[in-house]
Amino acid sequence: MGKNKPIFVCRECGYESNKWLGKCPSCGAWNSFVEYTERGNKGKREEFKFDASAPPTPLNRIDFKNVKRFKTGIGEFDRVLGGGIVPGAVILIGGEPGIGKSTILIQVANKLARKGINVLYSTSEESLQQVSLRANRTDSVSENILLSSEYSVNKIIQYAEKFKPGILIVDSIQTIYDEETDAQQGSVNSIKACTSKLIRFAKATNIPVFVVGHVTKGGIVAGPKILEHMVDAVIYLEGDSNHGYRVLRNAKNRYGSTDEIGLFEMHESGLIEVNDPSEIFLTKGGESISGTVLTATIEGSRPMLVEIQAIAAETKYGVPQRSVNGPDYKRVSTLIAVLEKRLHLFLGNQDIFLNVVGGLKIKDPGIDLAVLVAIYSSYSNKAIGKNMVFIGEVGLGGELRSIEGMKRRVEEAVRFGIKNIVIPRYIKEKIDDGRVNIIKCNNVNNVMEYLRNV
Ligand SMILES: Nc1ncnc2c1ncn2[C@@H]1O[C@H](COP(=O)(O)OP(=O)(O)OP(=O)(O)O)[C@@H](O)[C@H]1O
Ligand SMILES: [Mg+2]
């Protein structure tokens, strides 16, 4: 494609087309094409002093032993990165406005600074005073953190070459630009150009770079999806404006698993790690009420107890409502169908509301049984005791299936003093049932039989 000829790029996945398309044939996103013009780069491109390329080298001669991850000391953050920061890695931190991206990064900067690692924090979004205010509030002030409010990616790289920090933070990619490409700040061109320069810088110097990227619901600025392909790791900070906790989730990691999550709570003093997730997701004390059921889920390597709450109430007007917050909506619809077909409950005239306490989003099929029992419990107005936990995937035939990490889930329940645990009959692991009453069931009918008799 010749220079100056416009092409259209999907801002979700980076698919290129020579005409505008309403729907992306690659990722299916609607209205995601933006115009992208290859303008050339004023012939200045190779101005960097560093050289990222090297002649081909036999693989066995490449020294990998000296590559050492370094830990930030914020356990939940390191966990998500797969054990620490890999030198030369470019890590994108995405998240909705105001979720706490800058907060977590200033806290990471502070932890590293206190270990004697210099940090260059480049903010193009806020004034130096605003960053300083946050740093003071979160007790993250250190002379080892250098703040800059530079907009040009080339200047940022020049500063980084000059000060040789242990880590570079760019907050955010949408608000910096590359004057060598003429691209409009925040546009696809600009984001691509700035990111590739930062990547080349990171690879050549082995300095890890954290890049903040905004996720906007309306997708006004180029979405970080394009960035995701370019960088080494992508972590998202998620949360719910009604709850103080934040989840750090790994969407891509070239150097580690993407299963782990990090849990934090937002306080005035910043993001505080949550080391015992079950503690925050369980309601303490109180009487057992119908529709509330406990289960044990696994996020990454960590089991946690969560509370599922359901209300099934007769529909007053027209079509029954279904509102699901936490589990997957389609999964819940399937479980409602299983309740109707296998247990002969008539839910067609019931509004059903389902929540995971704390608003945690859970994809784990191991919570199926608890969701099903919660709806049943509310529908039949039968309270399930708080000393009971339900674990297992439910099949369309109503059969219970084993899921990953059964043993660890059971152990987590035991740790919280749960006395009765309902699980599928056939499980791979051997579970020690000396301390607790394990109820093994083949299908949902067995579970209901057990509930009728307790
Ligand atoms: N005094 C305070 N007490 C408690 N929480 C606060 C306080 N000040 C800020 N916060 C929290 O910090 C959040 C803002 O954090 P931060 O600026 O790090 O977010 P961000 O993701 O970087 O936002 P942006 O997208 O605007 O850059 C607020 O939404 C709020 O939850
Ligand atoms: Mg910010």
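Remember, it's 1-based here, ligands and their atoms both numbered in the order they're listed. None of the values given here were measured: they were computed from a predicted structure.
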Audit row: Arg302, Glu299, salt bridge (Lys or Arg N to Asp or Glu O under 4.0 Å) steps and yes/no: CA-CA 5 Å; Arg302 211 162 25 168; Glu299 286 283 359; over 6 Å; no
For Ile391 and Glu412, run side chain to side chain contact (heavy atoms under 4.5 Å, CB included): C-alpha distance rounded to whole Å, both residues' side-chain angles, the deciding distance at 0.1 Å, then the answer. CA-CA 12 Å; Ile391 311 168; Glu412 181 70 0; over 6 Å; no
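Polar contact with ligand 1: present for Gly100 (N/O pair, distance under 3.5 Å). Distances between N or O atoms of Thr103 and those of ligand 1 include at least one value under 3.5 Å.
Classification of Glu126 and Arg134 as a salt-bridged pair holds, one side-chain N sitting under 4.0 Å from a carboxylate O. Taking a cutoff of 4.0 Å between a charged side-chain nitrogen and a carboxylate oxygen, Lys111 and Asp78 do not qualify as a salt bridge. We find that Lys363 and Asp328 are not joined by a salt bridge, their nearest charged nitrogen and carboxylate oxygen being 4.0 Å or further apart.
A heavy-atom distance below 4.5 Å is found between the side chains of Ile117 and Ile167.
Only the side chain of Arg246 comes within contact range of ligand 1, with a heavy atom under 4.0 Å; no backbone atom does. Proximity of His214 to ligand 1, defined as any heavy-atom pair under 4.0 Å, is confined to the side chain (atoms from C-beta onward).
The closest approach between any non-hydrogen atom of Gly95 and ligand 1 is not below 4.0 Å.
Residue His267 holds the heavy atom nearest to atom 5 (N) of ligand 1 of all those in Glu125, His267, Arg134. Closest heavy-atom approach to atom 9 (C) of ligand 1 among the candidates Glu268, Gln130, Lys101, Arg137: Arg137.
Under the 3.5 Å distance criterion, with hydrogens and angles disregarded, a donor-acceptor pair is assigned to the side chains of Ser172 and Glu125.
For ligand 1 and Ser102, the ligand atoms under 4.0 Å from any heavy atom of the residue are 18 (O), 20 (P), 22 (O), 27 (O).
The single protein non-hydrogen atom nearest to atom 12 (O) of ligand 1 is Met266 CE, 3.4 Å, given as residue, atom name and distance. Summary of contacts: the protein heavy atom closest to atom 24 (P) of ligand 1 is Gly98 N, 3.6 Å.
The Mg ion (ligand 2) has an N, O or S atom of Ser102 under 2.8 Å away, backbone or side chain.
In this structure, Ser148 OG and Ile169 CD1 are separated by 12.0 Å, a value rounded to the nearest 0.5 Å.
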